[in-house]
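Worksheet: one structure, shown below.
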Amino acid sequence: RLAAGIVVAGGLVYATVLASGPRRLRIDPESVQVAEVKNDEFLEYVDVEGVVHPILTLMVNVRESGNVERIVAEEGSLMKQGDTILTLTNPDLMRDLEDQRDEWEKQRISYEEKTLEMEQKTLTLKQQALEAEYELSKIRKSFALEEEEYRMGVRSKAQLEVSADEYRYKLESTRLKLQGLKSDSVMTAIRKELLLNDRERERKKWERSLGRTEDLVVRAPVDGQLSFVKVTPGQQVASGENIARLFQRKHYYFVPYGQDDPAAKPQSLKADFARLPAALEAALHGEQLQPVLLGQRERAMAFQPGQNVVY
């Protein structure tokens with residue numbers, strides 16, 4: 001029995017060895033291609049996920065309160081410093097601006113009217129001053145003549161004393177009159193200066209309000225990518241409220257992308273690699289190919305049904 005078992009086991013081993021031996025495979029000679037093997041670079045692509053972190057994240061706040069009139073920039077677009085993100089409307093500010101402009105115009109007209117009045121008064125004061133100086137000159141000459149008559153014996157000492165008292169009175173009266181005219185002239189100049197200051201104050205107030213209208217246009221404070229806009233048209237925002245976020249990234253450029261199937265896959269985005277050469281050319285010049293986020297028309301042209309698009 002032992003010998004029979006050994007014979008059976010040996011037969012199985014032999015059959016296994018024969019079964020694992022060389023075999024022939026029939027192929028079509030025309031389908032065989034022969035090529036020379038050469039050393040060359042081997043390119044292998046590995047799909048990985050990553051996150052591009054911004055160098056700086058800026059929260060864009062509004063300086064002026066108002067209602068969102070229009071959102072100009074699209075989320076994901078690259079912004080240059082000073083580019084418009086959105087515009088606001090503020091009816092109350094516009095009414096205040098109109099009221100201040102009317103007040104400044106009123107001050108301007110009042111200043112011109114008062115200036116004409118004061119110029120006329122200045123001419124009158126000059127005329128009165130000239131007459132007073134002429135009268136003073138006549139008094140001096142008249143008294144000098146009376147003194148000469150006294151020395152000649154024509155006029156008595158009592159008459160000269162009366163003339164001297166009258167001379168001193170008229171002299172002092174004329175001096176006081178001239179002093180009053182000079183004082184009036186100074187006051188007129190001061191009033192004119194005050195009116196001018198009032199007019200300039202209203203003008204600067206109006207210009208400051210006019211400058212506030214510039215804040216109704218929200219602009220990008222620096223170069224960067226607009227991450228998101230958190231307001232919608234018609235929404236009311238308060239002064240200082242955050243309305244957008246801006247990313248600053250350097251040397252990162254994107255192939256334009258968009259939703260390939262918004263209905264079935266609302267959270268799916270695909271890059272349009274047909275734009276890859278143009279994106280590379282723009283990146284070599286330090287620019288981002290625009291638009292980054294493809295709209296409905298661009299998506300329709302890029303993502304045709306059945307088209308093989310690389311994620």
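Values in this document were obtained by computation on a predicted structure and should not be read as measured data. Heads up: numbering here begins at 1 and tracks the sequence.
Across every non-hydrogen atom of Ile243 and Leu86, the tightest pair is CD1-CD2, 3.8 Å. Considering all non-hydrogen atoms of both residues, Ala279 and Pro256 come closest at CB-CD, 4.4 Å. Taking every heavy atom of both residues into account, Ala73 and Thr84 meet most closely at CB-O, 3.9 Å. Residues Lys230 and Ala244 approach most closely at CG-N, 4.3 Å, considering heavy atoms. Taking all atoms of both residues into account, the shortest heavy-atom contact from Asp223 to Gln81 is OD1-N, 2.6 Å. Contact between Asp83 and Met79 at its shortest, heavy atoms only, is CB-CE, 3.5 Å.
Looking only at side-chain heavy atoms (C-beta outward), Asn197 and Glu193 come within less than 4.5 Å of each other. Counting heavy atoms from C-beta outward, Leu88 and Glu69 have side chains that stay 4.5 Å or more apart. Put simply, the side chain of Thr232 does not reach to within 4.5 Å of the side chain of Val68, judged on heavy atoms.
Cluster annotation: Val229 and Leu58 are assigned to the same hydrophobic cluster (Ile/Leu/Val/Met/Phe/Trp/Tyr, side-chain heavy-atom contacts under 4.5 Å, transitive). Val218 and Phe228 end up in different hydrophobic clusters when Ile, Leu, Val, Met, Phe, Trp and Tyr side chains are linked at under 4.5 Å. Tracing side-chain contacts under 4.5 Å through hydrophobic residues (I, L, V, M, F, W, Y), one never reaches Phe247 starting from Leu226; they form parts of separate clusters. Connection of Val222 to Val62 is established within a shared hydrophobic cluster, with ILVMFWY side chains joined at heavy-atom distances below 4.5 Å, either directly or through further cluster members. Neither Ile71 nor Val217 shares a network with the other; the hydrophobic side chains, linked directly or stepwise wherever heavy atoms of I, L, V, M, F, W or Y lie under 4.5 Å apart, form separate groups for each.
Within the model, atoms CD of Gln100 and CZ of Arg95 stand 13.0 Å from one another, a figure rounded to the nearest 0.5 Å. With values rounded to the nearest 0.5 angstrom, Glu200 atom CD is found 6.5 Å from Lys204 atom NZ. To the nearest 0.5 Å, atoms CG (Asp92) and CG (Leu97) are separated by 12.5 Å. In this structure, NZ on Lys106 lies 12.0 Å from CG on Asp99, to the nearest 0.5 angstrom. Summarising the geometry, atom OG belonging to Ser227 is positioned 7.5 Å from atom CD belonging to Glu75; distances are rounded to the nearest 0.5 Å. Going from atom OG of Ser65 over to atom CD of Gln236 covers 7.5 Å, rounded to the nearest 0.5 Å.
For Arg219, the CZ atom counts as densely surrounded, since its 6.0 Å shell holds more than 12 non-hydrogen atoms of other residues, nucleotides or ligands. The environment of CD in Glu74 is sparse: at most 12 heavy-atom neighbours from other residues, nucleotides or ligands sit within 6.0 Å.
Judged by distance alone, the side chain of Asn242 and the main-chain N or O of Val60 form a donor-acceptor pair under 3.5 Å.
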Derivation of the side chain to side chain contact (heavy atoms under 4.5 Å, CB included) call for Met94 and Thr213 | CA-CA 8 Å; Met94 300 308 295; Thr213 61; 4.0 Å; yes

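Electrostatic pairing of Glu98 and Arg101 counts as a salt bridge here, judged by a charged N lying under 4.0 Å from a carboxylate O.
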